[in-house]
Number of protein chains: 2
Amino acid sequence: MVQKTSETKTKTISVIIVEDFKLTRVGLRCALNANDDINVVAEAEDAVEGLKLIEKHKPDVILMDLGLPGMNGIEAMIKCKEMMFDSKIIALTSHDRSEEVIAALSSGASAYCLKDIDPQKLADVVRDVSTGVCWIDPMVAQMTLNALPKVDNIGFLPNKSNAEGRVPLTEREFEVLKHLVSGKSNTEIAKELIVSVHTAKAHVCSILQKMCVNDRVQAAVKAVKEGMV
Amino acid sequence: MVQKTSETKTKTISVIIVEDFKLTRVGLRCALNANDDINVVAEAEDAVEGLKLIEKHKPDVILMDLGLPGMNGIEAMIKCKEMMFDSKIIALTSHDRSEEVIAALSSGASAYCLKDIDPQKLADVVRDVSTGVCWIDPMVAQMTLNALPKVDNIGFLPNKSNAEGRVPLTEREFEVLKHLVSGKSNTEIAKELIVSVHTAKAHVCSILQKMCVNDRVQAAVKAVKEGMV
DNA sequence: TAATCCATTACCCGATCGTCTAATTTATTG
DNA sequence: CAATAAATTAGACGATCGGGTAATGGATTA
């Protein structure tokens with residue numbers, strides 16, 4: 001039994017595998033289940049089935065093959081992000097085409113692994129990703145970094161009033177924020193959370209103050225840009 | 001003595017630390033040298049000294065603080081990349097400003113760590129990065145991924161009912177959209193563009209329809225996510 | 001136990017929003 | 001020239017928003 005080195009949490013990480021090749025699927029499951037802190041809770045051989053299982057199990061991590069029949073992995077990830085779980089997605093493929101890598105990572109994947117990855121390394125990635133880390137395979141890391149907008153700005157003075165005075169949102173407020181970002185009105189948010197409109201408004205007000213913005217549009221934009229949701 | 005889990009190489013990873021705070025420097029060195037596969041070969045307290053040491057030792061991995069006195073970490077990394085060693089750089093900072101993260105990663109860093117990282121985790125990152133992995137701290141992972149060009153813009157998805165049925169915005173509408181994304185009210189937008197509120201409202205209405213959204217929040221989020229602004 | 005934070009609900013009020021209809025002017029294109 | 005699209009302005013409507021203030025119950029913490 002293999003143990004983690006750095007992580008100290010003991011919580012089991014639930015994983016769903018979406019992969020069309022049965023053999024690969026079995027391989028992935030075995031490799032991951034060999035770790036007692038990782039538990040493969042379901043498997044799917046296509047995106048549609050995968051999405052159902054994801055909605056049902058709300059796993060911590062999703063292993064998503066990109067070359068799926070029918071709906072491909074990219075589309076699946078986009079739909080996956082529309083459902084509002086915070087499952088982390090690992091894109092798994094044998095391709096190293098730049099467009100596919102960028103497409104995957106910009107569509108919801110937090111990690112990109114090539115299929116020749118060492119099984120034990122994959123387990124490490126699953127752990128990393130479950131904590132929110134972005135992990136990109138060496139073979140495609142450079143092309144990904146190259147795709148980032150270049151910054152000519154050599155104006156980096158430590159004027160960060162940002163991280164300092166930041167007041168953290170409560171869990172409930174985060175829920176509200178997610179709905180807010182999706183464009184819901186206070187009434188709709190209230191309906192979603194099964195509370196009164198007054199409550200929703202109160203949360204929104206609190207969010208605006210904590211995020212130091214004047215209205216919900218600024219809050220939504222800031223949330224998206226800073227990856228809060 | 002801590003051992004790696006996944007990696008099987010036995011080669012020692014040489015590391016150079018560039019960090020102005022002596023205390024942090026000592027902490028980093030101790031944390032890393034506690035691993036027998038990692039060897040801190042040199043330390044510098046500013047970028048100039050760091051570059052000299054890097055040229056001399058050609059380390060596998062460079063731990064680069066971004067907030068250095070004099071030449072900052074970003075500049076140092078750019079100069080570092082001009083020398084053509086394949087040293088991998090880990091940007092180390094306590095800031096989580098989006099611009100700084102993107103700047104670092106697009107200027108040569110393969111990894112971005114916040115300084116509150118678990119020391120043992122940092123050793124894992126050093127190992128990962130030495131193999132070419134791109135590793136990004138959970139706190140800033142999402143904002144980095146958001147900075148990648150969107151799928152729609154790279155035409156990965158062949159179907160795209162989106163790109164086809166999409167009605168293009170006029171120039172004026174784009175102007176309005178930018179202000180809208182920045183959280184301005186119709187009145188403020190009107191003032192900016194030196195038109196009446198009615199005009200601003202008309203444009204916004206038109207934008208909402210063309211973008212197939214119900215309100216300005218959805219428009220703003222969509223605009224940001226799709227990199228329209 | 002007292003204090004504090006959070007979630008919840010409620011009411012009020014002015015400001016803003018989104019949609020509608022309708023009109024004028026300018027520019028471009030057929 | 002005629003037609004079309006874009007930009008502009010206007011008034012009016014109901015819906016929604018954001019900011020106050022205030023109260024209650026539950027949970028956690030000092």
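Here is the naming used below: chain letters follow the sequence lines, and residue numbers restart at 1 for every chain.
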So, taking the atom named CG in A/Leu208 and the one named CG in A/Leu180, what distance separates them when rounded to the nearest 0.5 Å? 7.5 Å
Nearest-angstrom distance from the residue atom CD of A/Glu175 to C1' of C/dT8: 14 Å
Any side-chain to backbone donor/acceptor pair from B/Asp118 onto B/Lys121? Under 3.5 Å, distance only. yes
Output all residues satisfying side chain to side chain contact (heavy atoms under 4.5 Å, CB included) with B/Ala147, sequence neighbours left out; order by chain, then residue number. A/Leu148, A/Pro149, B/Ile102
How would you list, by chain and number, every residue that makes a side chain to side chain contact (heavy atoms under 4.5 Å, CB included) with B/Glu43, sequence neighbours excluded? B/Ile17, B/Arg25, B/Arg29, B/Val40
Could you list, one pair per line, each protein nitrogen or oxygen that sits under 3.5 Å from a nitrogen or oxygen of nucleotides 19-27 of chain C, together with the distance?
residue	atom	partner	partner atom	Å
C/dT19	O4	B/Lys201	NZ	3.4

D/dA6, OP1 or OP2 - any side-chain N/O from B/Ser206 closer than 4.0 Å? no
Angle of first-five versus last-five pair axes in the helix from C/dT1-D/dA30 to C/dG30-D/dC1, to 10 degrees: 50°
Does A/Met211 offer a backbone N or O that forms a donor-acceptor pair with the side chain of A/Lys222 under 3.5 Å? yes
Do any of residues 193-200 of chain A sit with a heavy atom less than 4.0 Å from DNA chain C, and if so which? A/Val195, A/Ser196, A/His198, A/Thr199
Separation of D/dA7 atom P from B/Glu192 atom CD, nearest Å, is 18 Å
Whole angstrom value for the distance that separates C1' of D/dA7 from CZ of B/Phe174: 17 Å
For B/Lys184, side chain to side chain contact (heavy atoms under 4.5 Å, CB included) partners two or more places apart: B/His179, B/Ser182, B/Glu188, B/Ile189, B/Glu192
dist A/Leu193:CG -> A/Lys178:NZ (nearest 0.5 Å) comes out at 11.0 Å
I need the CD1-C1' distance between A/Ile189 and C/dA7, as an integer number of Å. 15 Å
Measure CD/B/Glu173 against C1'/D/dA7 and give the value in whole Å, please. 10 Å
Considering residues at least two apart in sequence or located in another chain, which fulfil the side-chain hydrogen bond (donor to acceptor under 3.5 Å, both in side chains) criterion with B/Glu175? B/Arg172
What is the separation between atom NE2 on B/His203 and atom P on C/dG18, rounded to the nearest whole Å? 15 Å
Rounding to an integer number of Å, can you tell me how far A/Lys191 NZ sits from D/dA15 P? 14 Å
Does A/Asn186 place a side-chain N or O at less than 4.0 Å from the phosphate oxygens OP1/OP2 of D/dC17? yes
Whichever of A/Asp215 and B/Arg172 has the more 5' nearest nucleotide on DNA chain D, that residue is B/Arg172
So which heavy atom on A/Val217 is nearest to which on B/Gly183, and how close? CG1-CA, 4.1 Å
Would you please name every residue forming a side chain to side chain contact (heavy atoms under 4.5 Å, CB included) with A/Glu55, sequence neighbours left out? A/Met83, A/Phe85
Is the shortest side-chain N/O distance from B/Ser185 to OP1 or OP2 of C/dA15 below 4.0 Å? no
Scanning both residues in full, the closest heavy-atom pair of A/Leu68 with A/Asp46 reads CD1-C, 4.5 Å
Where protein sits on nucleotides 24-30 of chain D, one letter per nucleotide: B base, S sugar-phosphate only, - none, heavy atoms under 4.0 Å: -------
The complete set of salt bridge (Lys or Arg N to Asp or Glu O under 4.0 Å) pairs with one or both residues in residues 60-74 of chain A, sequence neighbours excluded, reads A/Lys11-A/Asp60, A/Asp65-A/Lys115
Look at the side chain of B/Asp137 and the backbone N and O of B/Val140, then say whether any donor-acceptor pair between them is shorter than 3.5 Å. no
Please give, in whole Å, the distance from C/dC6 P to A/Leu169 CG? 11 Å
With A/Glu173 via salt bridge (charged side-chain N to carboxylate O under 4.0 Å, His left out) - residues at least two apart: A/Lys210
